[in-house]
Amino acid sequence: GLSFRIQITVKELLDTDVLLKLLFHLPVNYPSALPDISVNSDQLTRAQCMDVKDKLLEQAKKHLSEPMVHDLILWIQQHLKDVIKQSATVCNEKTTLSKGTSTEDGIWMLLLHLDHMRAKAKYVKTVEKWASDLRLTGRLMFMGKIILILLQGDRSSIKEYLILQKTSKVDVDSSGKKCKEKMMSVLCETEVQSQHKRFQTFEVKEYSTLEELQKEFETAGLKTLFSEFVPPLLK
């Protein structure tokens, strides 16, 4: 598929200009299939960005089988103010619900393997920012040449993280030029089970031995996940 970023400024919204950063990932069968959309803005909360994304996807369904990106951009420029107002109303309604009520698909878990990081400091900082923005918890783990990213969070946020990881220039190539991550593999993507411990934060950790790394997984109730996916990486 094709991915591209668009930045638009919506004037005079909530007494300030709002810069929307939109990322569209068009699958190979677009426009017969909906695009994946990521929304970011320094002027909006994460929840508001998610609401904007949901509204864009609703509009996209109305344009299925016809080119839609330009129409979606025009629509959000005209209706962003209404979406934000509605977002605040929905947010207030949700606070009256019991904490046990959820409209999400449950908490999901993602395990990624990266082949290398040439610009390690910048790469790590980028991963930390994405995890924070998307309210994901977990670990970025280094053990020898093994680099793993273990994430937990809402399924929609997990999917959005994957889009960012695949489409953003997060590293540099052998000549020092910025490049996308082309050697990442998704080892596992699954719903968090009752025996799995929830990570409370996202941390970057380095392990000197395989046993230390294994203990991290076992402490989180992920012994099976470790034994199935990590040892084969050493071969």
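No experiment lies behind these values; they were computed from the predicted model shown. In this chain, numbering begins with 1 at the start of the sequence shown.
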Steps toward side chain to side chain contact (heavy atoms under 4.5 Å, CB included) verdict (Ile107, Arg198): CA-CA 9 Å; Ile107 301 302; Arg198 286 291 309 280; 3.4 Å; yes
Determine, stepwise, if the pair Lys53 / Glu160 fulfils side chain to side chain contact (heavy atoms under 4.5 Å, CB included). CA-CA 11 Å; Lys53 172 186 170 181; Glu160 194 163 344; 3.6 Å; yes
Begin with the C-alpha distance, continue with both residues' side-chain angles, and end with the deciding distance and a verdict on side-chain hydrogen bond (donor to acceptor under 3.5 Å, both in side chains) for Arg5 and Ser168. CA-CA 10 Å; Arg5 295 177 182 275; Ser168 303; 2.6 Å; yes
Apply side chain to side chain contact (heavy atoms under 4.5 Å, CB included) to the pair Glu203 and Glu216, showing each step before the final yes or no. CA-CA 12 Å; Glu203 298 178 27; Glu216 180 78 75; over 6 Å; no
Residue pair Leu134, Leu151: steps toward the side chain to side chain contact (heavy atoms under 4.5 Å, CB included) verdict: CA-CA 11 Å; Leu134 294 168; Leu151 298 169; over 6 Å; no
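When all heavy atoms are compared, the tightest approach of Val124 to Met117 is CG2-SD, 4.2 Å. When every heavy atom of Leu64 is checked against every heavy atom of Ser32, the shortest pair comes out as CD1-O, 3.7 Å. Smallest separation of non-hydrogen atoms from Thr201 and Arg139: O-NH1, 3.5 Å. Between Pro35 and Leu26, the shortest heavy-atom distance links the atoms CB-CD2, 3.5 Å. Of all the heavy atoms in Ile163 and His25, the pair that sits closest is CG2-CB, 4.5 Å. The two residues Ile158 and Gly153 make their nearest non-hydrogen contact at CG1-O, 4.0 Å.
Looking at Val69 and Phe4, their side chains come closer than 4.5 Å, going by heavy atoms from C-beta outward. Side-chain atoms of Leu110 and Trp108, non-hydrogen and from C-beta on, never get closer than 4.5 Å to each other. Leu2 has its side chain out of reach of Phe24: every pair of non-hydrogen atoms, C-beta onward, lies at least 4.5 Å apart. With contacts defined as side-chain heavy-atom distances shorter than 4.5 Å, the pair Phe226/Leu210 qualifies. A 4.5 Å side-chain heavy-atom check between Phe142 and Lys120 finds at least one atom pair inside the cut-off. The closest side-chain heavy-atom distance from Leu44 to Val39 is not below 4.5 Å. Within the 4.5 Å cutoff, no side-chain heavy atoms of Ile149 are placed close to those of Trp130. Side-chain contact between Glu189 and Leu162 is present, with heavy atoms from C-beta onward closer than 4.5 Å.
To the nearest 0.5 Å, atoms CZ (Phe199) and CG (Leu136) are separated by 12.5 Å. Going from atom NZ of Lys166 over to atom CG of Asp36 covers 9.0 Å, rounded to the nearest 0.5 Å. The structure places NZ of Lys223 at 7.5 Å from CD of Gln214, a figure rounded to the nearest 0.5 Å. Between the CG atom in Leu187 and the CG atom in Leu111 there is a gap of 4.5 Å [rounded to 0.5 Å]. Atom OG1 of Thr224 is separated from atom CD of Glu218 by 9.5 Å, given to the nearest 0.5 angstrom. To the nearest 0.5 angstrom, Leu164 atom CG is 9.0 Å from Lys129 atom NZ.
Neither Met50 nor Val10 shares a network with the other; the hydrophobic side chains, linked directly or stepwise wherever heavy atoms of I, L, V, M, F, W or Y lie under 4.5 Å apart, form separate groups for each. At a threshold of 4.5 Å between side-chain heavy atoms, the hydrophobic network of Ile, Leu, Val, Met, Phe, Trp and Tyr places Leu57 and Leu20 in one connected group. No chain of hydrophobic side-chain contacts below 4.5 Å, direct or via other Ile, Leu, Val, Met, Phe, Trp or Tyr residues, connects Ile6 to Leu74. Val28 and Tyr30 are not part of a single hydrophobic cluster, where members link through side-chain heavy atoms under 4.5 Å apart.
At distances below 3.5 Å, not a single donor-acceptor pair connects side-chain atoms of Gln59 with backbone N or O atoms of Leu72. At least one donor-acceptor pair under 3.5 Å links the side chain of Ser41 to the backbone N or O of Leu19. Put simply, the side chain of Thr126 gets close to the backbone of Lys122: a donor and an acceptor are under 3.5 Å apart.
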